[in-house]
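Numbered from 1 within each chain, the chains take letters A, B, ... in sequence-line order.
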Amino acid sequence: MSTHAAKPARTRFAPSPTGRTHLGGGRTALYDFLVARQTGGQFILRIEDTDRKRYSPDSERELFESLRWLGLQWDEGPEVGGPHAPYHQSQRKDIYLEHAHLLVEMGHAYFCFCSLERLERIRQEQQRRKEPPRYDGTCRRLDPDEAARRVAAGERHVIRFKMPQEGSTTGVDRLRGEITVENRNLDDYIIVKSDGWALYHLAAMVDDHLMEITHVIRGSEWLPTFPLHVHIIRAFGWEEPDWVHLSIFLKPSGKGKMSKRDTADLMKDGFSIYLTDLRDLGYLPEAVVNWTALMGWSYDDRTEFFSMPELIEKFSLDRLNPSPAAINFSKLDHFNGLHIRKLPAPDLAARLRPFFEKAGYHKIDEDKLLKVTPLVQPRIVTLEDALVMGGFFFEEEVYPNLVDLVGDNMTPADSAAALRRAEQILTGLPELRRESSEEAFRALAEELDLSAGQLFGILRVAVTGKTVSPPLFESMGVIGKDTVVRRIRNAIDLLENYAA
RNA sequence: GCCCCCAUCGUCUAGGGGACCAGGACGUGGCCCUUUCAAGGCCAAGACCGGGGUUCGAAUCCCCGUGGGGGCACCA
């Protein structure tokens, strides 16, 4: 695909807004987007909301938000319009109905008047006899003129696709090659419900054709009905798109698909399969894109770090892997760290700001944030980690634990004495810069017969309130001399009050 | 039960008849660097599901098992 200039592709992401947008959808949309961008074609978003009972406006909002967060802006679809509008299937009911009637006229479909109850009876009977559950074909044998009269008379009916009963059907999947199914294993699927709404099988094929879709990239859960879709397209005499059935995602253990329970467990570990959760958890869209792109696709035997432009250039449907993939969140952490470190500091600072603000650190000074950013940058894996790693920079006071203030193999009195000397040195310093302060404090350690680790450890706790922090002297420089001195005095008080 | 898909380190993967005592990445362990924590560098352990075939030669092709996954709605 990338080897020779392909003709512009028209791809579509066609989700059903009945739940939250997750990794699987994100990856499908990403591949759609990449193929469109790579070939100079269009990425279309189509909302499959023909099931009015399951439709949820919240889901749709979250869908748009998720795709945009990932950087997958659609060229045609809701909110942006396009030459094939409307892009909500709920607004295209008549189009599907017309096409269904066309199929009936051509003899590829028929009206069915069987009741739900009768269908249920047949199903149970078949189950009892261990037969595959299928429509028994009663209405298929009806005289078409009579069926038409009953429809005209207002009798409740559905429209079924007339599947050939002999032979087999072969479709070609881009990653698996030919997929052949015996026609007798296929059912006379309902394509229009009794309320007049088309089902996916019809609606999607009609829209894909009308919208001139060249590549249907979708989940492999569609593989079993793939031959049906091929049949519908052939019945109309349309050209088939390229079919790409993506592998599914397994839970991290590799044992089965993600369940509700798994999702809840995941959140406890600070992970989620939902895109907006990942955003709120402090993951970068760049990292999520890079990570999911590699779940089922590879470039070569060593390159793994990709930006969106690089993916657009290098992505290829020919290098997709058909086997199911377990989700590996520790690899997401890895990619997030990588992308965080790659970011220019001002960019990272801008992304960090909302996390600090949400945590209650208001009036964050831009200059200070810009200084803090490179200090936390190599030390965080998510944006949210910056709160723990660098919160003390924006805190008025810090509250160290007494035990942490006492150095290794030292008494509280020793620590207090060391801090007193540190305070003297600090106040004597004309300004607080890393080079000068580090030199002075190294000398102090020697004077007190302490290791650098001992002294710096005490200072770190006094100044940052924590045992783990960015490098001490750089940190002190950002915090400022007055605040550093005040915090050291507080630590001395703490130690001496304990002694008393 | 029936149908379909899949099968290389714990995980994501490279490999597509000889270049493979199987390469990379995450994770894990160790070392170096180092004021803590990271980052970074180096090293280590770790896999071709089983059985048949085809072939001079199989991780690679074929068949059968087995295992895993998906689907069997007037959902998508």
Side-chain angles (χ1 to χ4, degrees), chain A residues 14-19 48-51 53-54 112 114-116 119-120 123 126-127 129-134 156-160 173 175-176 179-182 184-187 189-197 199-201 203-204 218-227 245 247-248 250 252-257 291 294-305 319 321-335 337-338 341 376-381 385 389 438 441-442 445 451-457 459-461 464 466-473:
Chain A
S16 186
T18 56
E48 310 243 333
D49 55 351
T50 52
D51 185 349
K53 288 187 287 288
R54 297 203 309 152
C112 173
C114 294
S115 69
L116 252 19
L119 259 22
E120 184 53 32
R123 221 187 324 268
Q126 286 165 333
Q127 243 157 41
R129 284 194 302 235
K130 303 240 187 269
E131 285 170 9
R134 257 199 306 270
R156 196 172 170 83
H157 65 280
V158 300
I159 299 177
R160 287 183 185 272
D173 173 69
L175 23 168
R176 287 161 252 260
I179 290 170
T180 301
V181 176
E182 297 299 317
R184 63 185 150 79
N185 288 324
L186 264 10
D187 205 352
Y189 291 91
I190 293 172
I191 52 176
V192 175
K193 296 189 270 183
S194 56
D195 62 7
W197 283 102
L199 257 51
Y200 172 90
H201 306 304
R218 53 175 9 180
S220 64
E221 66 269 22
W222 293 110
L223 236 25
T225 43
F226 174 34
H245 293 95
S247 64
I248 48 139
L250 269 22
S253 64
K255 304 238 175 290
K257 257 209 322 198
W291 175 56
L294 255 16
M295 298 179 68
W297 173 79
S298 62
Y299 177 62
D300 58 19
D301 64 348
R302 50 195 70 255
T303 320
E304 287 205 328
F305 187 90
R319 292 192 60 89
N321 188 326
S323 47
I327 302 171
N328 184 349
F329 284 98
S330 66
K331 196 139 187 174
L332 169 59
D333 278 347
H334 170 250
F335 277 121
L338 243 36
R341 273 165 255 138
V376 300
Q377 190 160 20
R379 277 166 256 270
I380 54 176
V381 350
D385 291 343
M389 188 49 75
E438 177 165 356
F441 283 106
R442 282 194 187 280
S451 71
Q454 278 175 306
L455 179 62
F456 297 173
L459 273 171
R460 177 188 315 285
V461 173
T464 70
K466 301 178 321 105
T467 54
V468 171
S469 81
L472 181 59
F473 302 104

Next item on the list: Answer whether the closest heavy-atom distance between the side chains of A:Tyr189 and A:Leu199 falls below 4.5 Å.
Entry: no
Check: Between B:C21 and B:C26, how far is it from one P atom to the other, in whole Å?
Finding: 25 Å
Check: What is the nucleic acid contact for A:Ser330, judged by heavy atoms within less than 4.0 Å: base, sugar-phosphate only, or nothing?
Finding: sugar-phosphate
Margin query: Starting the side chain at C-beta, find the nucleotide from B:C26, B:A25, B:G71 nearest to A:Glu304.
Written below: B:A25
Next item on the list: Rounded to the nearest angstrom, tell me the gap between atom CG in A:Leu175 and atom P in B:G69.
Entry: 20 Å
Next item on the list: Please work out if A:Gly256 contacts a base, only the sugar-phosphate, or nothing of the nucleic acid, heavy-atom cut-off 4.0 Å.
Entry: sugar-phosphate
Notebook entry, point to check: For the pair made of OH in A:Tyr200 and P in B:C72, what is the distance, rounded to whole Å?
Noted result: 13 Å
Item checked: Candidates B:C74, B:A14, B:C3 - which lies nearest the side chain of A:Asn185 -> B:C3
Margin query: Taking the P atom in each of B:C4 and B:C12, what is the distance between them to the nearest angstrom?
Written below: 25 Å
Next item on the list: Using Watson-Crick or G-U wobble geometry with both distances below 3.5 Å, tell me the partner of B:C49, or none.
Entry: B:G65
Note to self: Suppose you measure atom P in B:G23 against the same atom in B:A45; what distance do you get, rounded to whole Å?
What the structure shows: 11 Å
Checklist line | Separation of atom CZ in A:Arg319 from atom C1' in B:C12, rounded to whole Å | finding: 14 Å
Notebook entry, point to check: What is the distance from CG of A:Asp51 to C1' of B:C75, rounded to the nearest Å?
Noted result: 5 Å
Check: Shortest non-hydrogen contact from A:Arg341 to A:Gln377?
Finding: O-NE2, 3.6 Å
Note to self: I need the minimum non-hydrogen distance between A:Arg319 and A:Tyr299, along with the two atoms involved.
What the structure shows: NE-O, 2.9 Å
Item checked: Closest contact, heavy atoms only, A:Pro322 versus A:Ser247 -> O-CB, 3.4 Å
Next item on the list: Decide yes or no for A:Thr18 and A:Asp51: does some side-chain heavy atom of the first lie under 4.5 Å from some side-chain heavy atom of the second?
Entry: no
Next item on the list: Between B:A47 and B:G40, how far apart are the C1' atoms? Round to whole Å, please.
Entry: 29 Å
Margin query: On RNA chain B, does the nearest nucleotide to A:Gly254 precede the nearest nucleotide to A:Asp187 from the 5' side, or the other way round? Give the residue.
Written below: A:Gly254
Next item on the list: Select from A:Arg160 and A:Arg302 the residue whose nearest nucleotide in RNA chain B is closer to the 5' end of that strand.
Entry: A:Arg302
Margin query: Using only modelled atom types and a 3.5 angstrom limit, is any donor from either the side chain of A:Ser323 or the base of B:C6 paired with an acceptor on the other?
Written below: no
Item checked: Closest nucleotide among B:G69, B:C3, B:C74 to the A:Leu250 side chain -> B:G69
Check: Which part of the nucleic acid, if any, lies within contact of A:Leu199, taking any heavy atom under 4.0 Å across all strands shown: a base, the sugar-phosphate backbone alone, or nothing?
Finding: sugar-phosphate
Notebook entry, point to check: If we call it a pair only when both distances are under 3.5 Å in a Watson-Crick or G-U wobble match, what pairs with B:C37?
Noted result: none
Next item on the list: Rounded off to whole Å, could you give me the CD1-to-P distance for the A:Ile179 and B:G70 pair?
Entry: 17 Å
Margin query: Looking at the base of B:G1, is there any donor atom on it, or on the side chain of A:Glu131, that sits under 3.5 Å from an acceptor on the other one?
Written below: no
Next item on the list: For B:A59, give its Watson-Crick or G-U wobble partner with both distances under 3.5 Å, or none.
Entry: none
Notebook entry, point to check: Does A:Asn321 have a side-chain nitrogen or oxygen under 4.0 Å from the phosphate oxygens OP1 or OP2 of B:A14?
Noted result: yes
Next item on the list: Grab the two heavy atoms, one from A:Arg156 and one from A:Ser194, that are nearest each other, plus how far apart they are.
Entry: NH2-OG, 3.0 Å
Check: Does a nitrogen or oxygen in the side chain of A:Arg129 sit under 4.0 Å from OP1 or OP2 of B:C2?
Finding: no
Check: So what does A:Lys257 touch, heavy atoms closer than 4.0 Å: a base, only the sugar-phosphate, or nothing?
Finding: sugar-phosphate
Notebook entry, point to check: At under 4.0 Å between heavy atoms, what does A:Thr50 touch on the DNA or RNA strands: base, sugar-phosphate, or nothing?
Noted result: sugar-phosphate
Next item on the list: Could you tell me whether A:Gly219 contacts a base, only the sugar-phosphate backbone, or nothing, with contacts defined as non-hydrogen atoms closer than 4.0 Å?
Entry: nothing
Next item on the list: Scan every strand shown for a Watson-Crick or G-U wobble partner of B:C2, both distances under 3.5 Å, and answer none if you come up empty.
Entry: B:G71
Check: Is there a Watson-Crick or G-U wobble partner for B:C26 with both distances under 3.5 Å, and which nucleotide is it?
Finding: B:G10
Note to self: Rounded to whole Å, how long is the line connecting atom NZ of A:Lys255 with atom P of B:G68?
What the structure shows: 8 Å
Margin query: Taking the P atom in each of B:G30 and B:C37, what is the distance between them to the nearest angstrom?
Written below: 13 Å
Next item on the list: For the side chain of A:Ile248, starting at C-beta, report the closest nucleotide among B:U13, B:G1, B:G69.
Entry: B:G69
Checklist line | Whole-Å gap separating P (B:G10) and CG (A:Asn328) | finding: 13 Å
Margin query: For the C1' atoms, the ones on B:C48 and on B:C9, what distance do you get once it is rounded to whole angstrom?
Written below: 10 Å
Notebook entry, point to check: Taking all non-hydrogen atoms of both residues, which atom of A:Arg460 and which atom of A:Val468 are closest, and how far apart?
Noted result: CD-N, 4.3 Å
Notebook entry, point to check: Which part of the nucleic acid, if any, lies within contact of A:Trp197, taking any heavy atom under 4.0 Å across all strands shown: a base, the sugar-phosphate backbone alone, or nothing?
Noted result: nothing
Notebook entry, point to check: Which class fits the ring pair A:Trp291 and A:Phe329: parallel under 30°, tilted 30 to 60°, perpendicular over 60°?
Noted result: tilted
Next item on the list: Using a 4.0 Å heavy-atom cut-off across all strands, classify A:Pro324 as base, sugar-phosphate, or nothing.
Entry: sugar-phosphate
Next item on the list: Go along nucleotides 33-39 of chain B 5' to 3' and tag each nucleotide: B for a protein heavy atom under 4.0 Å from its base, S when only backbone or sugar atoms are that close, - otherwise.
Entry: --BBBBS
Item checked: Those residues that, when tested against A:Glu221, pass salt bridge (Lys or Arg N to Asp or Glu O under 4.0 Å) (two or more places apart) -> none
Notebook entry, point to check: Taking the same atom, C1', in B:G51 and in B:A19, what whole-Å distance lies between them?
Noted result: 29 Å
Notebook entry, point to check: CH2 of A:Trp222 to NE2 of A:His201: how many Å apart, nearest 0.5 Å?
Noted result: 6.0 Å
Note to self: In whole Å, measure the gap between the C1' atoms of B:U55 and B:U60 for me.
What the structure shows: 13 Å
Margin query: Using side-chain heavy atoms (C-beta onward) and a distance below 4.5 Å, is A:Thr467 in contact with A:Val461?
Written below: yes
Checklist line | Separation of B:C5 C1' from A:Leu223 CG (nearest whole Å) | finding: 6 Å
